[in-house]
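A short worksheet on the structure shown next.
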Amino acid sequence: MRVIPSGSACGARVEGIDLAAPLDRATVAEIRAAWLEHRVLAFADQSMDDDALERFTLALGGFGEDPFFAPIEGREHIAAIVREADETTPLFAENWHSDWSFLAEPPAGTCLLAIEVPPVGGDTLFADQHAAWEALPAARKRELEGLTAIHSAKLAYAPDGTYGARDTGRSMAIRPSEAANATQTHPLVRAHPETGRKGFFSTLGYIVGIAGMADAEAFALLRELAQWQSREEFVYRHRWEPDMLIVWDNRAVLHRATGGYEGRRRELHRTTIAARRG
Ligand code: SIN
């Protein structure tokens with residue numbers, strides 16, 4: 001297995017491994033170590049089907065919860081991130097986020113397998129939240145450390161949210177619900193549960209407030225931080241290739257989708273990796 005760093009703040013390309021073949025413990029440990037080191041891994045030249053995607057997800061930590069998505073037919077844990085060639089809805093997941101950060105136990109990671117990727121456009125961007133935190137002046141870190149972020153899915157998945165009742169004509173199987181109005185707190189800055197490295201966890205969008213802070217002040221702070229968290233120097237631009245699987249660490253990076261493939265179809269199969277317990 002060859003791991004080639006992207007040269008950006010995070011991300012590496014992995015070659016010389018067949019993820020459709022059975023993975024022994026040593027290989028899984030090697031993949032996990034590379035994943036924790038680079039936060040985003042892109043495995044090139046794979047010939048994986050949905051069974052292989054499920055096996056890989058189980059090997060990395062097991063299936064996480066996937067609220068607000070219906071799975072693809074015949075599978076409980078695979079969702080399709082799909083956009084038809086003639087679709088005109090706003091892009092899915094175009095804002096920076098950490099997957100499902102509003103859950104009590106957000107997923108450790110996410111896998112995306114290329115089913116059909118356009119020849120140009122449709123890149124996925126990743127922003128390294130360890131780098132974003134570490135680049136802050138010590139005084140600013142002292143002001144932010146200890147703040148508690150209030151997370152919610154409401155802006156996206158509530159019936160009046162971005163993917164709610166007014167979002168018509170979308171091919172993805174999104175299932176908005178009143179449950180999206182629930183809130184959950186997490187530290188704004190926290191140590192990665194496996195590496196111990198500090199970083200921002202999630203961002204404005206899924207973060208809807210700061211505990212003990214008035215909304216106007218909290219939103220101003222979250223807006224300012226969101227700009228900082230996604231600065232160019234923290235970003236890795238992932239360019240898709242056919243037969244590619246990527247896996248990222250939601251505890252360490254933000255991500256977002258991009259467009260630029262009008263008139264082309266794009267489909268990826270997605271699984272989430274459960275939080276690690278103990
Ligand atoms: C996602 O956030 O799961 C989708 C990312 C993408 O479509 O590039």
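Indexing begins at 1, ligand by ligand and atom by atom, following the structure's order. Counting begins at 1 with the first residue of the sequence. Note that these values count all heavy atoms, side chains included, but never hydrogens, waters or copies made by symmetry.
Between Phe69 and Phe92, the ring center distance clears the sub-6.0 Å criterion.
Between Phe68 and Tyr157, the ring-plane angle classifies as parallel under the 30° and 60° cut-offs. Trp248 and His255 have tilted rings, their planes meeting at an angle from 30° to 60° on a 0 to 90° scale. Aromatic ring pairs are classed by plane angle as parallel below 30°, tilted from 30° to 60° and perpendicular above 60°; the pair Phe126 and Tyr236 is parallel.
The residue from Val40, Thr110, Leu125, Val235 that alone fulfils the side-chain contact (heavy atoms from CB on, under 4.5 Å) condition with Val253 is Val40.
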For a distance cut-off of 3.5 Å, show me each N or O of ligand 1 paired with any protein N or O, plus the separation.
from     : atom 1 : to     : atom 2 : distance (Å)
ligand 1 : 2 (O)  : His97  : NE2    : 3.4
ligand 1 : 2 (O)  : His255 : NE2    : 2.9
ligand 1 : 3 (O)  : Arg270 : NH1    : 2.6
ligand 1 : 7 (O)  : Arg266 : NH1    : 2.8
ligand 1 : 7 (O)  : Arg266 : NH2    : 3.4
ligand 1 : 8 (O)  : Thr124 : OG1    : 2.6
ligand 1 : 8 (O)  : Arg266 : NH2    : 2.8

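With sequence neighbours left out, the side-chain hydrogen bond (donor to acceptor under 3.5 Å, both in side chains) criterion links Asp66 to Trp100, Thr272.
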